[in-house]
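This report refers to the structure that appears directly beneath it.
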Amino acid sequence: MDIHEYQAKEVLSNFGVTVPPGALAYSPEQAAYRARELGGDKWIVKAQVHAGGRGKAGGVKLCNSEAEIYEATENLFGKKLVTHQTGPEGKGIYRVYVEGAVPIAREIYLGFVLDRSSQRVMIVASSEGGMEIEEISAERPESIVRSTVEPAVGLQDFQAREIAFKLGIEPAMTQQMVRTLKGCYQAFSELDATMVEINPLVVTSDNRVIALDAKMTFDDNALFRHPQIAELRDKSQEDPRESRAADRGLSYVGLEGNIGCIVNGAGLAMATMDTIKLAGGEPANFLDIGGGATPERVAKAFRLVMSDSNVQAVLVNIFAGINRCDWVAEGVVQALREVEVDVPVVVRLAGTNVEEGQKILAQSGLPLIRATSLMEAAERAVGAWKNDLDQNTRVRAVK
Ligand code: GDP
Ligand code: MN
């Protein structure tokens with residue numbers, strides 16, 4: 001789960017990282033008022049969206065008066081900000097963050113990521129802040145400093161000092177740099193983050209080390225341990241299909257195609273998507289309904305898949321190991337009685353009690369298309385989608 005910049009700054013400041021004074025606003029009036037409360041005569045107004053690259057996309061504005069703040073934010077609110085990280089549809093701006101401007105002397109890049117090969121938290125830093133890390137590694141790879149943290153002892157002072165030295169931080173500011181690095185590491189490990197990025201971390205002309213931007217991503221599977229972080233979720237920044245699925249305990253990723261997939265197990269879901277492509281189609285989603293495919297879960301999955309207007313055929317692919325095909329078949333039949341499904345549905349069952357399962361599907365009287373192998377199922381789904389006008393293969397809503 002991602003959080004907003006202003007939220008990440010609040011989290012990190014609780015761990016000793018220095019951030020500029022700032023305040024959140026939900027309207028232009030409020031933004032101007034917040035600036036007056038903050039004081040000073042130069043402010044930065046920043047669109048709060050879950051994406052980087054806002055500066056280049058017009059989402060970060062320097063303002064010299066309350067009137068300028070009003071005008072700048074009026075042009076941001078309600079708009080979609082399109083940055084190189086959002087995709088062409090952009091992300092809605094519903095909150096802006098107002099900060100007192102900071103006199104920048106140097107910009108540094110600082111990132112904390114999970115390095116899978118060393119199975120450690122890795123610190124990635126560069127003296128070339130402000131640019132994206134991808135640009136830095138393409139243009140100034142020699143400026144990148146990497147350091148892995150030994151989890152048994154955590155980030156040590158000497159190690160943080162060494163990073164500061166390699167970045168060319170002046171001795172007078174080393175202590176501030178050490179505090180920033182240790183604060184980020186502590187936040188990362190205590191809160192089960194998967195990424196902390198400060199870009200830029202700046203050295204000001206009056207010798208302060210300040211996080212001007214902040215980004216944090218958390219491990220969804222650990223959110224239950226951090227209710228105060230889980231609360232920071234902002235659904236306006238997520239794909240609505242994916243957040244609905246998360247609310248229902250399903251793992252769903254929306255895609256561009258038109259064959260909806262309902263599958264148990266992530267590996268089988270991947271194989272199903274590949275096979276659809278092999279058969280000449282495009283999957284509309286990745287959906288893993290998990291191990292215990294109860295009728296309720298199958299119905300939820302159908303509702304979710306059918307809420308995507310791009311879906312023109314559905315492929316149900318269930319492998320029953322611990323499950324039983326007859327239960328799954330009951331679930332499919334029940335789901336189709338409850339949910340309005342007006343596109344062809346192909347069902348492939350394999351595993352325990354497969355004959356009983358097939359019998360239930362056959363006896364349901366529903367115009368389901370049945371398949372034995374995965375390849376056959378994918379070909380039939382693609383075929384049914386291409387012959388979408390054939391009314392006989394459509395499953396009609398019973399309720
Ligand atoms: P991003 O483009 O989404 O990563 O947004 P950032 O928060 O990094 O802001 C983009 C750029 O705006 C930064 O790299 C800075 O150069 C500039 N910026 C942000 N805050 C300040 C500030 O307080 N003073 C000055 N002078 N520039 C700022
Ligand atoms: Mn940034």
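Counting starts at 1 for both ligands and their atoms, in listed order. Hydrogens, waters and symmetry mates are skipped; everything else that's a heavy atom, side chains included, is used.
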Can you name the closest pair of heavy atoms from [X] and [Y] and give their distance?
X	Y	result
Met177	Leu167	CE-CD1, 3.7 Å
Arg120	Val149	CD-O, 3.1 Å
Leu38	Pro21	CD2-C, 3.9 Å

Among all the protein's non-hydrogen atoms, which is closest to [atom], and how far away is it?
atom	answer
atom 25 (C) of ligand 1	Ile104 CD1, 3.5 Å
atom 23 (O) of ligand 1	Val102 N, 3.0 Å
atom 6 (P) of ligand 1	Asp213 OD2, 3.4 Å
atom 20 (N) of ligand 1	Leu212 CD1, 3.4 Å
atom 12 (O) of ligand 1	Val60 CG1, 3.8 Å

Proximal atoms of ligand 1 relative to [X] (non-hydrogen, under 4.0 Å):
X	answer
Asn199	8 (O)
Lys46	6 (P), 7 (O)
Ala101	23 (O)
Gly52	3 (O)

Would you say that more than 12 heavy atoms from the other residues, nucleotides or ligands in this model lie under 6.0 Å from the CE of Met270, or not?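 It does not: Met270 CE has 12 such atoms or fewer within range.
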Glu10 atom CD, over 12 foreign heavy atoms within 6.0 Å: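 Incorrect, the count does not exceed 12.
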Min N/O separation [X] to ligand 1 under 3.5 Å:
X	result
Arg54	yes
Glu107	yes
Glu132	no
Ala51	no
Gly55	yes
Glu99	no

Is there a side-chain hydrogen bond (donor to acceptor under 3.5 Å, both in side chains) between Asp234 and His4? Walk through the geometry before answering. CA-CA 8 Å; Asp234 180 0; His4 285 295; 2.7 Å; yes
Taking the side chain as C-beta and beyond, is there a heavy-atom pair between Ile133 and Val124 under 4.5 Å?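 Yes. Closest side-chain heavy atoms under 4.5 Å.
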Are Val311 and Val345 in one and the same hydrophobic cluster, where Ile, Leu, Val, Met, Phe, Trp and Tyr link if side-chain heavy atoms are under 4.5 Å apart?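 As far as the 4.5 Å side-chain criterion goes, Val345 and Val311 are connected within one cluster.
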Are Ile123 and Ile136 connected in a single hydrophobic cluster, I mean Ile/Leu/Val/Met/Phe/Trp/Tyr linked by side-chain heavy atoms less than 4.5 Å apart?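 No, no single cluster joins them.
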Determine the sole option in Tyr6, Phe77, Tyr26 for which the side chain to side chain contact (heavy atoms under 4.5 Å, CB included) test with Val96 is passed.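 Testing Val96 for a side chain to side chain contact (heavy atoms under 4.5 Å, CB included) against Tyr6, Phe77, Tyr26 leaves exactly one candidate, Phe77.
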Between Ser143 and Ser126, is the side-chain hydrogen bond (donor to acceptor under 3.5 Å, both in side chains) condition met? List the steps. CA-CA 5 Å; Ser143 74; Ser126 163; 2.9 Å; yes
Using a cut-off of 2.8 Å, count how many protein N, O or S atoms are strictly closer to the Mn ion (ligand 2).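 With waters ignored, the protein N/O/S count below 2.8 Å is 2.
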Step-by-step salt bridge (Lys or Arg N to Asp or Glu O under 4.0 Å) determination, Lys277 to Glu282: CA-CA 6 Å; Lys277 285 204 165 217; Glu282 286 290 333; 3.5 Å; yes
I would like to know whether Gln237 and Tyr94 meet side-chain hydrogen bond (donor to acceptor under 3.5 Å, both in side chains); could you show each step before the answer? CA-CA 10 Å; Gln237 302 294 310; Tyr94 305 104; over 6 Å; no
Distance below 4.0 Å between atom 28 (C) of ligand 1 and any protein heavy atom?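 Within 4.0 Å: yes, protein heavy atom nearby.
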Please walk me through it: do Gln159 and Ser147 pass side-chain hydrogen bond (donor to acceptor under 3.5 Å, both in side chains)? CA-CA 8 Å; Gln159 196 179 357; Ser147 185; 3.1 Å; yes
